[in-house]
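Note sheet for the following structure.
Keep in mind that the numbers below use all heavy atoms, side chains included, and drop hydrogens, waters and symmetry copies.
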Amino acid sequence: MSPSPEESLRTDSAYALELDRQDELAVFRDEFIIEDPELIYLDGNSLGRLPRRTVQRLRDAVEQEWGGRLIRAWNEGWFTAAERIGAKIGRLIGAGEDEVVLADSTSVNLYKLTMAALEARPERSRVVSDDLNFPSDMYILQRAIQHAGTARRLDVVPSPDGLVVPFERLAAAIDDDTALVTLSHTVFKSGFTYDLAAVTARAHEVGALVLWDLSHSAGALPADLKAAGADLAVGCTYKYLNGGPGAPAFLYIRRDLQAALRNPITGWFSQEDQFALEPDYHPAAGMRSFLTGTPPTLSLLAVEPGVDLLLEAGIDRLRAKSVQQTEYLIGLWRAWLEPLGFSLNTPTDPALRGSHVSLGHAEALGIDLALIHEKQVLPDFRYPDNIRLGIAPIYTSFAEIHEAARRIQAVVEEGLHQKYAGARPEVL
């Protein structure tokens, strides 16, 4: 059946180019290192591109600060970097400048805040999560509950379809015995995004705390933590924040909770008078109390340029473009990929969707590998059958999305995926 005139327009490459011409954020693409213009990068939800400014920032940090200033550089910006950059991230996630700090990894920060929350609700036994949560988060929760004592338990709310968890189902699981609700704001597989304010309000109705993982949200969509009255949050900086591989993570604690919660992994960077080096521990005030040891300073400094670019672009403008681009990609799926056996594993409602689109296919792994090795498209894959197409609105173009959909179509029509049947690479 021939497409309608409207469908022809929306699937024509000229339409994608026109969208790019109209895009007021298109200028930011030049702020990133793009060595191969033929390579379509759709994995910014796993590792963001390298900002050009980061190259110079690290050169200065190594050559001038470490090389020239040596230990004096601690008093010239290094020592306060975790709080300074944290304050900037706070502006992206709707938090106050004194409510976010960079420290450790997402997993370590999740453990810290889980243990602190359980200690703050000693009379309650339940931690509530869902079966869409990131597996590493679940590993952390399982061990934290063991450390917290046998009276605690983890209750996992099942998704009815593996894609979303209806609010009513989650709300029913949160009761007066719930100490903590902890979820991924945007789910790593399907891109389903919770109504952060509604979930937080439900938890607060029964006196529970809420801990959000913003790893697949921060930098692509607003979280509005302050408006929601959110308690706690963690997130990584190497996805949409473009901080670099293994970059330090961030943690958020609502201002009025900071004095009430205790860091379970104390260290000299959270000591009140750090350089007195006294034998007894006394926690520092504010977010510094949730630091632990000396930060990986070069990695920490590398986070700032990417955050600055997002602030310049504006998180609301980035979200608007992300919605437009994911909607465009879903339209291309309908026109070209659904007839080839691809399912849409992402909500169609943009209010329930983050910045990646997941496509299912019975031969998804072979298709993913063929895209990488044959068609110069870099998506990622999640077992058993999920190809994730991550859209980073600060540098992803509409033309790239159009061409990526064309190349996915070509892989299947040309049978290129069949040569990768049975392959299982170490990193996906």
Side-chain angles (χ1 to χ4, degrees), residues 1-45 48-52 191 219-221 240 242 309-310 312-340 342 344 346 348 350 353-359 367-368 370-372 374-380 387-414 416:
M1 188 174 78
S2 300
S4 68
E6 182 181 358
E7 289 173 328
S8 296
L9 173 66
R10 299 192 67 87
T11 59
D12 189 275
S13 61
Y15 179 69
L17 293 172
E18 179 59 29
L19 291 175
D20 284 327
R21 280 192 289 270
Q22 296 174 6
D23 177 18
E24 60 184 3
L25 299 181
V27 294
F28 285 95
R29 182 174 169 84
D30 291 336
E31 292 280 354
F32 293 85
I33 301 293
I34 301 176
E35 289 193 347
D36 183 356
E38 293 300 314
L39 176 69
I40 299 175
Y41 189 64
L42 294 177
D43 208 1
N45 56 323
R49 283 190 178 273
L50 171 62
R52 294 183 184 277
L221 61 153
Y240 297 113
N242 305 302
L309 285 168
L310 293 167
E312 291 172 25
I315 192 62
D316 290 332
R317 292 200 300 169
L318 289 164
R319 175 56 175 167
K321 181 179 175 182
S322 168
V323 169
Q324 186 183 14
Q325 289 190 311
T326 54
E327 199 75 19
Y328 179 57
L329 178 53
I330 290 171
L332 295 174
W333 160 76
R334 280 198 189 94
W336 296 340
L337 304 180
E338 187 177 21
L340 296 176
F342 287 89
L344 181 65
T346 291
T348 56
R353 185 174 69 237
S355 202
H356 65 270
V357 173
S358 292
L359 302 179
I367 294 168
D368 183 82
L371 286 170
I372 294 170
E374 311 277 344
K375 292 295 186 181
Q376 287 195 284
V377 178
L378 285 181
D380 75 3
I387 300 172
R388 294 194 313 177
L389 305 173
I391 291 174
I394 197 166
Y395 56 72
T396 303
S397 70
F398 288 90
E400 285 183 304
I401 294 170
H402 180 274
E403 181 60 22
R406 273 293 190 204
R407 295 183 192 182
I408 295 171
Q409 180 187 35
V411 163
V412 176
E413 290 182 342
E414 297 169 17
L416 298 176

Got a sec, which residues hit ring pair (Phe, Tyr, Trp, His ring centres under 6.0 Å) with W333, two or more places apart in sequence or on another chain? none
CG of L359 to OG1 of T346: how many Å apart, nearest 0.5 Å? 7.0 Å
Nearest 0.5 Å, please: how far is OH in Y15 from CZ in F398? 8.0 Å
Taking side chain to side chain donor-acceptor pair (under 3.5 Å) as the definition, give me every residue that meets it alongside S322, ordered by chain and number, with sequence neighbours left out. S355
Identify the two heavy atoms, one from Q325 and one from P393, that lie closest to each other, and give their separation to 0.1 Å. OE1-CA, 3.7 Å
Can you pull the salt bridge (charged side-chain N to carboxylate O under 4.0 Å, His left out) pairs that have at least one residue in residues 319-337, sequence neighbours excluded? D23-K321, E327-R353
Within this structure, what is the CG-NE2 distance for the pair L42 and H356, rounded to the nearest 0.5 Å? 12.5 Å
Pairs satisfying salt bridge (charged side-chain N to carboxylate O under 4.0 Å, His left out), at least one member in residues 388-401, at least two apart: R29-E400, D380-R388
Quick one: list whatever passes side chain to side chain contact (heavy atoms under 4.5 Å, CB included) with A313, sequence neighbours left out. L25, F28, L318, I394
Quick one: ring pair (Phe, Tyr, Trp, His ring centres under 6.0 Å) partners of Y41, sequence neighbours excluded? none
Does E374 reach the side chain of V411, with side-chain heavy atoms less than 4.5 Å apart? no
Can you list everything that forms a side chain to side chain contact (heavy atoms under 4.5 Å, CB included) with I372? Sequence neighbours excluded, please. D368, L378, P379
Q22 vs Q324, test: side-chain contact (heavy atoms from CB on, under 4.5 Å). Steps then yes/no. CA-CA 12 Å; Q22 296 174 6; Q324 186 183 14; 5.6 Å; no
Of all residues at least two apart in sequence or in a different chain, which pass the salt bridge (Lys or Arg N to Asp or Glu O under 4.0 Å) check with E338? none
Identified side-chain contact (heavy atoms from CB on, under 4.5 Å) partner of R52 from the options I34, L309, I33: I33
Would you check if L332 and L337 make a side-chain contact, meaning some heavy-atom pair closer than 4.5 Å? no
Should I315 and L310 be marked as a side-chain contact (heavy atoms from CB on, under 4.5 Å) after you check the CA-CA gap, both sets of side-chain angles, and the distance that decides it? CA-CA 7 Å; I315 192 62; L310 293 167; 6.0 Å; no
Residues two or more places apart in sequence or in another chain: which of them pass side chain to side chain contact (heavy atoms under 4.5 Å, CB included) with A320? none
Which residues pass the side chain to side chain donor-acceptor pair (under 3.5 Å) test with R407, not counting sequence neighbours? E403
If you measure from CD1 on I391 to CD1 on I401, what distance do you get to the nearest 0.5 Å? 3.5 Å
Only counting residues at least two apart or in another chain, list the ones meeting side chain to side chain donor-acceptor pair (under 3.5 Å) with T396. none
Just so I know, are the side chains of L50 and N242 near enough to count as touching, which here means a heavy-atom distance under 4.5 Å? no
Evaluate side-chain contact (heavy atoms from CB on, under 4.5 Å) for L221 paired with V323, printing each intermediate quantity in order. CA-CA 9 Å; L221 61 153; V323 169; over 6 Å; no
If we only count heavy atoms from C-beta on, is the I408 to L389 side-chain gap below 4.5 Å? yes
Check the orientation of H402 and Y328. Use parallel for under 30°, tilted for 30 to 60°, and perpendicular for over 60°. parallel
Would you kindly check if the NZ (Lys) or CZ (Arg) of R49 is within the cone defined by 45 degrees around the ring axis of Y395 and under 6.0 Å from the six-membered ring centre? yes
Work out which heavy atom in A399 is nearest to a heavy atom in L17; give both atom names and the distance. CB-CD2, 4.1 Å
D316: partners by side chain to side chain donor-acceptor pair (under 3.5 Å), with sequence neighbours left out: none
